[in-house]
Amino acid sequence: DLVRSRGLGDVYKRQSVGHLPDDNGVVRHLRSIHTHLRPGGIYLLGITVLDLPRRQEWPEALFESDPVAVGQGTVTVKYTSLWRDPALRRERIALEMHSRGVPNGPPLLREQYDLLTFAPADLHRILAQAGGWHLLAIHDMTLDGFPDHGFQPGCRGVTVVLRAEGVSG
């Protein structure tokens, strides 16, 4: 949570709201950010856009880290999308963490979790419910140069640029 007395200033970035349980959680989150951001302040919000006609069920590597030094050992992390389902508005992610030579660290840690996804209409509805935001841009983070081209069919990871306006409800 944010500390009300300190405020957020002019710009704030959050990697994703996909970990929140539902749209009501996202609306509450946006209202909280709006309360702490100065009028005219910018909020950079990462979301996953899911505009598929049906469920996809094939593994897709999303990210694999280079080895990172931890004490005398190393750790690598890999994220894989296992499935995406527009009807559920969820994407299942598998996380694998491998460690070598890390004291008291397991050599392998595996877990799975679901992320909330958004169709363009979902985001517009949520912004209207939260109130107080002006949508400035939508940058496709999967393309070189991160172009601002709105919700294009097939875009996935985007950064939504919002400007705080007025007083939130």
Side-chain angles (χ1 to χ4, degrees), residues 1-4 6-56 58-65 77-95 112-169:
D1 281 34
L2 304 171
V3 178
R4 181 179 292 272
R6 292 187 59 195
L8 292 177
D10 297 321
V11 178
Y12 183 70
K13 180 183 186 305
R14 168 113 175 128
Q15 183 62 31
S16 174
V17 291
H19 295 284
L20 296 174
D22 55 30
D23 290 352
N24 290 332
V26 178
V27 168
R28 286 191 308 273
H29 168 81
L30 288 170
R31 287 178 177 164
S32 176
I33 293 294
H34 191 276
T35 299
H36 295 86
L37 197 61
R38 292 182 188 148
I42 301 297
Y43 182 37
L44 306 175
L45 174 65
I47 64 170
T48 299
V49 177
L50 190 59
D51 60 355
L52 303 169
R54 63 186 174 284
R55 184 177 173 117
Q56 287 182 341
W58 62 83
E60 176 188 349
L62 300 174
F63 173 78
E64 189 164 356
S65 74
V77 178
K78 179 180 179 179
Y79 293 92
T80 303
S81 175
L82 299 178
W83 54 258
R84 299 178 186 111
D85 191 324
L88 297 175
R89 293 191 44 221
R90 297 284 187 268
E91 177 177 26
R92 170 89 28 99
I93 304 293
L95 164 68
Q112 295 181 10
Y113 56 91
D114 291 353
L115 292 177
L116 185 62
T117 62
F118 303 85
D122 298 325
L123 179 63
H124 290 293
R125 180 180 36 74
I126 289 167
L127 288 173
Q129 286 177 323
W133 294 104
H134 179 71
L135 178 60
L136 297 177
I138 299 169
H139 292 272
D140 191 332
M141 304 309 286
T142 65
L143 299 176
D144 290 340
F146 313 123
D148 170 15
H149 57 66
F151 287 115
Q152 294 293 316
C155 67
R156 289 219 333 106
V158 301
T159 294
V160 177
V161 183
L162 302 170
R163 181 176 60 221
E165 295 184 336
V167 178
S168 63

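These numbers were taken from a predicted model, which means no experiment stands behind them.
You'll find the side chain of Arg84 stays beyond 4.5 Å of the side chain of Thr48, heavy atoms only. Residues Gln129 and Leu30 form no side-chain contact, since every pair of their non-hydrogen atoms from C-beta on lies 4.5 Å or further apart. Contact of the His19 side chain with the Leu115 side chain is registered, since non-hydrogen atoms from C-beta on lie closer than 4.5 Å. Contact of the Arg125 side chain with the Asp23 side chain is registered, since non-hydrogen atoms from C-beta on lie closer than 4.5 Å. Inter-residue side-chain proximity for Ile33 and Leu45 is flagged as unmet; no heavy-atom pair is nearer than 4.5 Å. Contact of the Trp133 side chain with the Val160 side chain is not registered, since no non-hydrogen atoms from C-beta on lie closer than 4.5 Å. Contact of the Arg90 side chain with the Arg92 side chain is not registered, since no non-hydrogen atoms from C-beta on lie closer than 4.5 Å. Side-chain contact between Phe118 and Val49 is absent, with no heavy atoms from C-beta onward closer than 4.5 Å.
A pairwise comparison of heavy atoms in Ala164 and Leu37 identifies CB-CD2, 4.0 Å as the closest pair. Residues Asp140 and Val158 approach most closely at CA-CG1, 4.2 Å, considering heavy atoms.
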Q. Should Leu116 and Val17 be marked as a side-chain contact (heavy atoms from CB on, under 4.5 Å) after you check the CA-CA gap, both sets of side-chain angles, and the distance that decides it?
A. CA-CA 8 Å; Leu116 185 62; Val17 291; over 6 Å; no
Q: Given side-chain contact (heavy atoms from CB on, under 4.5 Å), test Leu135 with Leu162 step by step and report yes or no.
A: CA-CA 5 Å; Leu135 178 60; Leu162 302 170; 3.8 Å; yes
Q | Leu88/Arg55 under side-chain contact (heavy atoms from CB on, under 4.5 Å): CA gap, chis, key distance, verdict | A | CA-CA 9 Å; Leu88 297 175; Arg55 184 177 173 117; 4.1 Å; yes
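Between Tyr43 and His34, a ring centre-to-centre spacing not shorter than 6.0 Å is recorded.
For Phe146, there are no ring pair (Phe, Tyr, Trp, His ring centres under 6.0 Å) partners two or more places apart in sequence or in a different chain.
Residues Ser81 and Glu91 bring a donor and an acceptor atom of their side chains to less than 3.5 Å of each other.
The backbone N or O of His139 sits nowhere less than 3.5 Å from a side-chain atom of Asp148 that would complete a donor-acceptor pair. Looking only at distances, a side-chain donor or acceptor of Ser65 sits under 3.5 Å from a matching main-chain atom of Val77. For the pair Thr35 (side chain) and Arg31 (backbone), a donor-acceptor distance under 3.5 Å is present. The backbone N or O of Ile42 sits nowhere less than 3.5 Å from a side-chain atom of Arg163 that would complete a donor-acceptor pair.
Under a cut-off of 6.0 angstrom, the local environment of OH in Tyr113 is crowded, with over 12 non-hydrogen atoms contributed by other residues, nucleotides or ligands.
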